[in-house]
J.: 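I am attaching a structure below and will ask some questions about it afterwards.
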Amino acid sequence: MSTNQSVFKDEQKYIARTQKIPYYPIAFEKGDGALLYDFDGNKYIDFLASACSANLGHGNVEIADAVYEQMKNLTQYTLAYFNSAPPVQLAESLCEIAPIKGEKKVLYSATGSASIDAAIKIARAYTKRSGLISMQEAYHGSTFGAISISALSNNMRKGFGPLIPDVHYFSYPSKDKDWKTCIKEMEYAFVHYLPPEEVAAIFIEPIAGDAGIVIPPKEWVQALREMCDQYGILLVVDEIQQALCRTGKWFAIENFDVEPDLIVMGKSVGGGLPLGAVIGKTDIMNALEPPAHLFTLAGNTTVCTAGQKNLEILKRIDANELSIVRGEYLKNKFESLKEKYDFIGEIRGLGLSIGVDIIDPETGGKNNEATAKICYYAIKNGLLMIFLNQSTLRVQPPLVIQESEIDEAMQIIDAAMNAYANGEIGDEVLEEIAGW
C-alpha cells in the first residue's frame, strides 16, 4: 500500500531530478473540487490548481464520464492522417470564444510548450522573417523553442545549448521601469541594431505568470499592438496559464482591449488531460504545410472529448463570473492580513490569478526566506500553495473553490504568517523547500 513516504522514496529512485521543483514531499491519491487528499489521508485545499491545469478542480464526474464513454468506443486515432469528430468539434468551440476577428483555425500540440514552438514556426513561415522578441523574466515552457524565448532561470537553459538563434529580450513593465520606457527601449533597438523588418513576432504573457503574476499597464499592450501593425510583426499571446476564465475573461488578453494574431493555449484547455493549441487567423495558420508541426497523439480523440466537456461546464457555471467574485473575495482577505503583517507587500491580480509579494519591511525588497517558510508551514497544515520569483505567493485555486474553503485556507495562511512573525519556523525547512 502506497504512502507519501513510499511514493517519495520511489520517486527519488526512478524519476529524473529535473522533473521536480521541490516544495514538500506529498503524493496525492484523489481530489474533489478544490480539495486534495494524500496517501496518508490528509486533506489539502488547493491554491495551485495543478499549475492552472485544473481550472474545474479535481474529480470532475462529468469529464470522467465523457472520457470513459469515449474510450469505450475509440481511445484515439491520430489526427495526423485521419479524422475523428472530437478534435474538430473542440477546434470549432475554441474558434468561437477566441478574441480574434474573422476566420480562424486551430493547430494542436500535446502541451502548451509545444504550442509555443508551433507559434514560432507559424510566425517565421508567415512573415518570412526569423527575429523573435520576448520579455525578460518570461516563461513560455520547456521545449526547445519555448525555452529559447524564456528568460526566467539559468537552470532552464544551461548545459544543452545553443538554443534557437535570433531571439531578443526586452523589459516587461514593472515598479522599476514604466511602460513608456519599455516601449522606448524597443523603439531604440529598431533604429540602431534590430531591423524591425526582420522581426517575425513579439511574444508576451498578458499577465507574466511565473515572474510573479505581474499585470502590465493596458497602454503597454496596446502600444505593442500598434508597433506590430506598423512593422508587420505578429503579436503572439501566451495564454497557457491564464486562459479559460482564470482572469474573469475567456482569455487574459481581453482585459487589455487588444486583438492578438496568435493565441497559445495549454494547461487547462484539455480539461485535465495533456493538450496544447494555437488559435489564429486562417491565412496565418495556413502558412505551415504538413508535416511541419504534427504529432501522433496531439489533439487526440479522448483528450479533445475532455476539452469539449470542460468548455461546456465552464460556460454553464459562468466560470468568468465565479472567477471575478471569488477573486475579489480572496484579495480582500489578503488586504485584511496586510494590516496585520508588515511583510506583506503588493497584492495584485485579475479574477483568480493573484500574486502576493512577501517583502523585507525595512527595504521593501524580496524576502525569499519568509516566503519559503510561510509556504512550507501552509502546505504542512493543509494548504497547497507555492511561490514564484523568490517571494510571490502564487494564489490560483480552482475556479470552483467555495468561500468556506477560502476562509479555511486564509486561516492557515494567517497561522503561517503568525508563526513566521514569532520566529517559530526553523531554518531547517529551507533545505526541503527550494521553489523556483
Side-chain angles (χ1 to χ4, degrees), residues 23-24 34 44-49 52 137 172-177 207-217 241-242 246-248 323-397 401 403-427 429-430 433-436:
Y23 280 99
Y24 196 88
Y44 301 84
I45 300 168
D46 187 4
F47 261 24
L48 181 58
C52 292
E137 295 192 295
Y172 199 92
S174 66
K175 290 180 289 186
D176 299 322
K177 189 169 290 187
I207 295 175
D210 288 35
I213 321 293
V214 180
I215 305 169
Q241 186 180 123
Q242 308 295 340
R246 174 59 52 189
T247 69
S323 182
I324 292 168
V325 172
R326 297 285 191 267
E328 286 302 310
Y329 188 78
L330 247 174
K331 283 191 288 185
N332 288 336
K333 292 284 185 179
F334 275 107
E335 291 291 351
S336 296
L337 284 184
K338 188 174 181 178
E339 297 177 4
K340 188 174 180 181
Y341 301 108
D342 62 1
F343 49 76
I344 297 180
E346 185 181 17
I347 301 163
R348 57 188 172 273
L350 293 171
L352 279 171
S353 191
I354 300 168
V356 180
D357 290 341
I358 304 300
I359 62 171
D360 181 327
E362 295 184 3
T363 66
K366 295 180 180 182
N367 194 337
N368 178 235
E369 179 179 308
T371 312
K373 288 182 176 181
I374 289 167
C375 283
Y376 185 92
Y377 183 103
I379 297 171
K380 186 176 181 180
N381 287 276
L383 173 62
L384 196 68
M385 180 176 66
I386 67 169
F387 57 94
L388 300 165
N389 202 8
Q390 299 181 322
S391 64
T392 299
L393 301 180
R394 179 176 183 172
V395 183
Q396 295 175 313
I401 193 169
E403 286 191 359
S404 60
E405 293 165 342
I406 292 174
D407 292 342
E408 185 178 349
M410 295 306 297
Q411 290 174 1
I412 296 172
I413 292 174
D414 189 2
M417 291 182 171
N418 186 65
Y420 169 74
N422 292 327
E424 298 170 5
I425 308 174
D427 290 344
V429 306
L430 301 175
I433 184 166
W436 277 86

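Just so it is clear, the values below take in all heavy atoms, side chains as well, and ignore hydrogens, waters and symmetry mates. Just so it is clear, the model here is predicted, and its values are computed rather than measured.
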J.: With sequence neighbours excluded, tell me which residues meet side chain to side chain contact (heavy atoms under 4.5 Å, CB included) with Ala208.
T.: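 Counting only residues at least two positions away or on another chain, Ala208 forms a side chain to side chain contact (heavy atoms under 4.5 Å, CB included) with Tyr172, Glu205, Ala211, Val214.
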J.: Indicate yes or no: at least one non-hydrogen side-chain atom of Gln242 is less than 4.5 angstrom from one of Leu350.
T.: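 Not in contact.
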J.: Kindly determine whether Phe387 and Ile433 satisfy side-chain contact (heavy atoms from CB on, under 4.5 Å), including the steps that lead there.
T.: CA-CA 10 Å; Phe387 57 94; Ile433 184 166; 4.0 Å; yes
J.: Output all residues satisfying side-chain hydrogen bond (donor to acceptor under 3.5 Å, both in side chains) with Glu335, sequence neighbours left out; order by chain, then residue number.
T.: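 For Glu335 there are no side-chain hydrogen bond (donor to acceptor under 3.5 Å, both in side chains) partners, ignoring immediate neighbours.
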J.: Would you please name every residue forming a side chain to side chain contact (heavy atoms under 4.5 Å, CB included) with Ser174, sequence neighbours left out?
T.: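 Result, side chain to side chain contact (heavy atoms under 4.5 Å, CB included) vs Ser174: Asp176, Lys177.
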J.: Go through the structure and list residues passing side chain to side chain contact (heavy atoms under 4.5 Å, CB included) with Ile412, not counting sequence neighbours.
T.: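 By the side chain to side chain contact (heavy atoms under 4.5 Å, CB included) rule, Ile412 matches Ala378, Asn381, Leu383.
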J.: Taking only residues two or more places apart in sequence, or in another chain, which ones meet Asp357 in a side-chain hydrogen bond (donor to acceptor under 3.5 Å, both in side chains)?
T.: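 Testing Asp357 for side-chain hydrogen bond (donor to acceptor under 3.5 Å, both in side chains), a comparison that skips the adjacent residues, returns Arg348, Thr392.
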J.: How many angstroms lie between OG in Ser353 and CD1 in Ile215, if you round to the nearest 0.5 Å?
T.: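 These two atoms lie 7.0 Å from each other.
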J.: Under the ring-ring contact (aromatic ring centres under 6.0 Å, His included) rule, collect the residues that match up with Phe334, sequence neighbours excluded.
T.: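 Not a single residue meets the ring-ring contact (aromatic ring centres under 6.0 Å, His included) criterion with Phe334.
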J.: Enumerate the residue pairs fulfilling salt bridge (Lys or Arg N to Asp or Glu O under 4.0 Å) with a member in residues 411-425, sequence neighbours excluded, ordered by first and then second residue.
T.: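 Only Lys340-Asp414 qualify under salt bridge (Lys or Arg N to Asp or Glu O under 4.0 Å).
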J.: Quick check against the 3.5 Å criterion: does Ser323 have a side-chain atom that pairs as donor or acceptor with the backbone of Leu352?
T.: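 A pair under 3.5 Å: yes.
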J.: Testing the basics here: between Asn389 and Glu137, what is the closest heavy-atom pair and its distance to 0.1 Å?
T.: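 Between these two residues, the closest heavy atoms are ND2-OE2, 3.3 Å.
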J.: side-chain contact (heavy atoms from CB on, under 4.5 Å) between Ile379 and Phe47: does it pass, once the steps are laid out?
T.: CA-CA 10 Å; Ile379 297 171; Phe47 261 24; over 6 Å; no
J.: For residues Val395 and Met385, report the shortest heavy-atom separation together with the two atoms involved.
T.: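 Answer, listing the atom of Val395 first, then Met385: CG2-SD, 4.5 Å.
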J.: Can you measure from CG (Leu337) to CD1 (Ile413) and round to the nearest 0.5 angstrom?
T.: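 It comes to 7.0 Å.
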J.: Taking only residues at least two apart or on different chains, which pairs with a member in residues 338-362 satisfy ring-ring contact (aromatic ring centres under 6.0 Å, His included)?
T.: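 Every pair satisfying ring-ring contact (aromatic ring centres under 6.0 Å, His included) with a residue in residues 338-362: Tyr341-Phe343, Phe343-Tyr420.
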J.: Are any side-chain N or O atoms of Asn367 and backbone N or O atoms of Ile358, one a donor and one an acceptor, separated by less than 3.5 Å?
T.: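 No; judged by distance alone, with no hydrogens or angles, the pair does not exist.
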J.: Only pairs at least two apart or in different chains count here, so list each salt bridge (Lys or Arg N to Asp or Glu O under 4.0 Å) that has a residue in residues 372-389.
T.: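 Only Glu369-Lys373, Lys373-Asp427 qualify under salt bridge (Lys or Arg N to Asp or Glu O under 4.0 Å).
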J.: Can you tell me how far apart CG (Asn418) and CD1 (Ile374) are? Round to the nearest 0.5 Å.
T.: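 With rounding to 0.5 Å, CG (Asn418) is 10.5 Å from CD1 (Ile374).
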J.: Please confirm whether the backbone N or O of Cys52 pairs with a side-chain atom of Arg246, one donor and one acceptor, at under 3.5 Å?
T.: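 A pair under 3.5 Å: no.
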J.: Could you state the interatomic distance from CD1 (Ile401) to CD (Gln396), rounded to the nearest 0.5 Å?
T.: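 Answer for the CD1-CD pair, Ile401 versus Gln396, is 12.5 Å.
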J.: So, for Ser391 and Asn368, which heavy atoms are closest and what is the spacing to 0.1 Å?
T.: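 The answer is CB-N, 4.2 Å.
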J.: Which residues pass the side chain to side chain contact (heavy atoms under 4.5 Å, CB included) test with Asp342, not counting sequence neighbours?
T.: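 Partners of Asp342 under the side chain to side chain contact (heavy atoms under 4.5 Å, CB included) test: Pro361.
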J.: Could you work out, with ring-ring contact (aromatic ring centres under 6.0 Å, His included) as the rule, every residue matching Tyr44, not counting sequence neighbours?
T.: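 Only Phe28 meet the ring-ring contact (aromatic ring centres under 6.0 Å, His included) criterion with Tyr44.
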J.: Can you tell me if Lys366 uses its side chain to pair, donor with acceptor, with the backbone of Ile359 under 3.5 Å?
T.: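 No, Lys366 side chain to Ile359 backbone: no donor-acceptor pair under 3.5 Å.
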J.: To the nearest 0.5 Å, what is the distance between CZ (Arg394) and CD1 (Ile213)?
T.: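 Result: 6.0 Å between the selected atoms.
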J.: What pairs meet the ring-ring contact (aromatic ring centres under 6.0 Å, His included) rule with one or both residues in residues 358-385, with sequence neighbours excluded?
T.: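 The answer is Tyr24-Tyr376.
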J.: If I take atom CD1 from residue Ile45 and atom CD1 from residue Ile406, how far apart are they, to the nearest 0.5 angstrom?
T.: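 Separation between the atoms: 9.5 Å.
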J.: Measure across Glu405 and Ala34 and return the closest heavy-atom pair with its distance rounded to 0.1 Å.
T.: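 Heavy-atom minimum between the residues: OE1-CB, 3.6 Å.
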J.: Counting N and O atoms only, with roles assigned by atom type, does the side chain of Lys333 sit under 3.5 Å from a partner on the main chain of Met410, one being a donor and the other an acceptor?
T.: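 Side chain of Lys333 to backbone of Met410, a donor-acceptor pair under 3.5 Å: no, none is there.
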